[in-house]
Amino acid sequence: RTVIPTFPTVYVLYNITPAEQEYLRLVSKKFELASDSDILVVGPGTGVDTWLASFRTKRPIVVIGINPLEVANTKAAARIAGFEVRAIVGDNVTDEKGNSRLPGESFDAIFWSMPAVWPEGFPEGHAPSLADFWDGDVGAVVLKRFARALPGLLKPGGKALLWNIASFVDGKDVIAEILETADTKRKVLEVEVELFAKRRRPKPVYYNERLYTVSPAR
């Protein structure tokens, strides 16, 4: 166990919803990883998921975050907990022109509790709040940029685990579709979607949150 501080303006990821709890649990056990596995955590926040990922490998965890304070927060968590990180300040894994912030690097596992996608904009009457900086991917801009880079970031056999809120347009899960095609017009990646039940009786009712497991297409 460890105590991780929370710096101002940094998103706190711990025991928020069943889906996010499950995301953290799977960071600590999902995928077959070895002591020499290369792991990337995007949007590390306070560093909770980076800390859990550090138990999966003896190599430094690579992290990239938009907020300089979250990068500093994750570095502080690493120092307290005794693991190594290589931290980068950046709003995504590529810049707006598609240039990689991690040129030549690929990973066995990538983890990201992503900003929630609003493919058609915020609902009418939505009151802007600080949370929109964490969960305000209007038009799926953040997701699309990440999806285009993902095939090049995964090693052969590598996988990504992503949290998001499912967004449906014309009955299709927009997030799964963007990931599967890497924002192109053909299938590039395999995507598995996991749902979470609020209750199972008398009738199952599900959270709108999803975990997406992504791997290279077979």
Side-chain angles (χ1 to χ4, degrees), residues 1-28 30 39-55 61-81 83 85-95 101-102 107 109-119 121-123 126-147 149-150 153 160-167 175 179 194 196 207-212 214:
R1 296 186 180 187
T2 191
V3 175
I4 295 178
T6 302
F7 290 9
T9 73
V10 176
Y11 180 75
V12 184
L13 178 63
Y14 70 98
N15 295 341
I16 298 173
T17 67
E20 288 183 322
Q21 290 180 52
E22 183 68 3
Y23 163 78
L24 291 175
R25 186 183 74 83
L26 293 177
V27 167
S28 71
K30 196 174 178 69
I39 299 176
L40 169 65
V41 176
V42 187
T46 59
V48 174
D49 43 359
T50 309
W51 170 56
L52 292 171
S54 74
F55 292 100
I61 308 295
V62 180
V63 302
I64 184 166
I66 188 174
N67 184 350
L69 281 175
E70 76 172 317
V71 171
N73 205 150
T74 299
K75 287 181 176 179
R79 184 164 184 174
I80 292 167
F83 63 90
V85 296
R86 178 161 60 86
I88 301 166
V89 176
D91 66 338
N92 210 316
V93 293
T94 66
D95 64 21
R101 300 191 193 278
L102 302 160
F107 300 88
I110 299 172
F111 301 107
W112 193 1
S113 177
M114 298 190 72
V117 169
W118 299 87
F122 291 121
H126 174 81
S129 69
L130 182 61
D132 291 341
F133 290 95
W134 300 322
D135 284 339
D137 184 9
V138 175
V141 174
V142 173
L143 174 65
K144 289 176 180 178
R145 199 196 305 180
F146 174 76
L150 188 54
L153 286 172
L161 178 69
L162 312 170
W163 171 95
N164 217 305
I165 293 178
S167 299
I175 296 168
L179 289 169
E194 189 172 354
F196 301 89
Y207 285 92
N208 198 33
E209 299 169 73
R210 303 285 191 272
L211 287 178
Y212 299 85
V214 188

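- In terms of heavy-atom proximity, E209 sits nearest to F196 at O-CD1, 3.8 Å.
- Checked against ring-ring contact (aromatic ring centres under 6.0 Å, His included), F146 has the following partners two or more places apart in sequence or in another chain: W112.
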For this session: Tell me, with the steps shown, if V27 and V41 meet side chain to side chain contact (heavy atoms under 4.5 Å, CB included).
Result: CA-CA 10 Å; V27 167; V41 176; over 6 Å; no
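- Taking S54 as the reference, W51, I61, F83 meet the side chain to side chain contact (heavy atoms under 4.5 Å, CB included) condition, with sequence neighbours excluded.
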For this session: Show your working on side chain to side chain contact (heavy atoms under 4.5 Å, CB included) between L150 and V93 and close with a plain yes or no.
Result: CA-CA 9 Å; L150 188 54; V93 293; over 6 Å; no
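- With rounding to the nearest 0.5 angstrom, the OH atom of Y11 is 14.0 Å from the CG atom of N67.
- Atom CG of L211 and atom CD of E20 lie 9.5 Å apart (nearest 0.5 Å).
- If you take CG on D49 and CZ on F111, they are separated by 8.5 Å, rounding to the nearest 0.5 Å.
- The distance from the CG atom of L24 to the CG atom of L161 is 9.5 Å, given to the nearest 0.5 Å.
- E194 meets the side chain to side chain donor-acceptor pair (under 3.5 Å) test with no other residue; sequence neighbours excluded.
- Contact between A166 and I175 at its shortest, heavy atoms only, is CA-CD1, 4.2 Å.
- Taking CD1 of I64 as the reference point, atom CD1 of I110 lies at 11.0 Å (rounded to 0.5 Å).
- Applying the side chain to side chain contact (heavy atoms under 4.5 Å, CB included) test to V141 and every residue at least two apart in sequence or in another chain returns D137.
- Counting all heavy atoms, side chain and backbone alike, T94 lies closest to A149 at CG2-CB, 3.5 Å.
- Looking at every heavy atom in both residues, W163 comes nearest to A116 through CZ3-N, 4.5 Å.
- Rounded to the nearest 0.5 angstrom, I66 CD1 and I88 CD1 are separated by 14.5 Å.
- Shortest non-hydrogen contact noted between V71 and A87 is CG1-CB, 3.4 Å.
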Check residues 74-81 and write down every donor-acceptor pair under 3.5 Å in which the side-chain atom is one partner and the other belongs to a residue at least two apart or another chain.
{"residue": "T74", "atom": "OG1", "partner": "G45", "partner atom": "O", "Å": "3.2"}
{"residue": "T74", "atom": "OG1", "partner": "E70", "partner atom": "O", "Å": "3.0"}

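- Inter-residue side-chain proximity for P5 and T46 is flagged as unmet; no heavy-atom pair is nearer than 4.5 Å.
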Exercise. Where do R86 and V62 land on the side chain to side chain contact (heavy atoms under 4.5 Å, CB included) test, with the steps shown first?
Worked result: CA-CA 5 Å; R86 178 161 60 86; V62 180; 3.4 Å; yes
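- Every residue meeting the salt bridge (Lys or Arg N to Asp or Glu O under 4.0 Å) condition with R145, not counting sequence neighbours, appears here in chain and number order: D91.
- The heavy-atom pair separating V117 from N164 by the smallest distance is N-OD1, 3.1 Å.
- Between V48 and V12 there is no side-chain heavy-atom pair separated by less than 4.5 Å.
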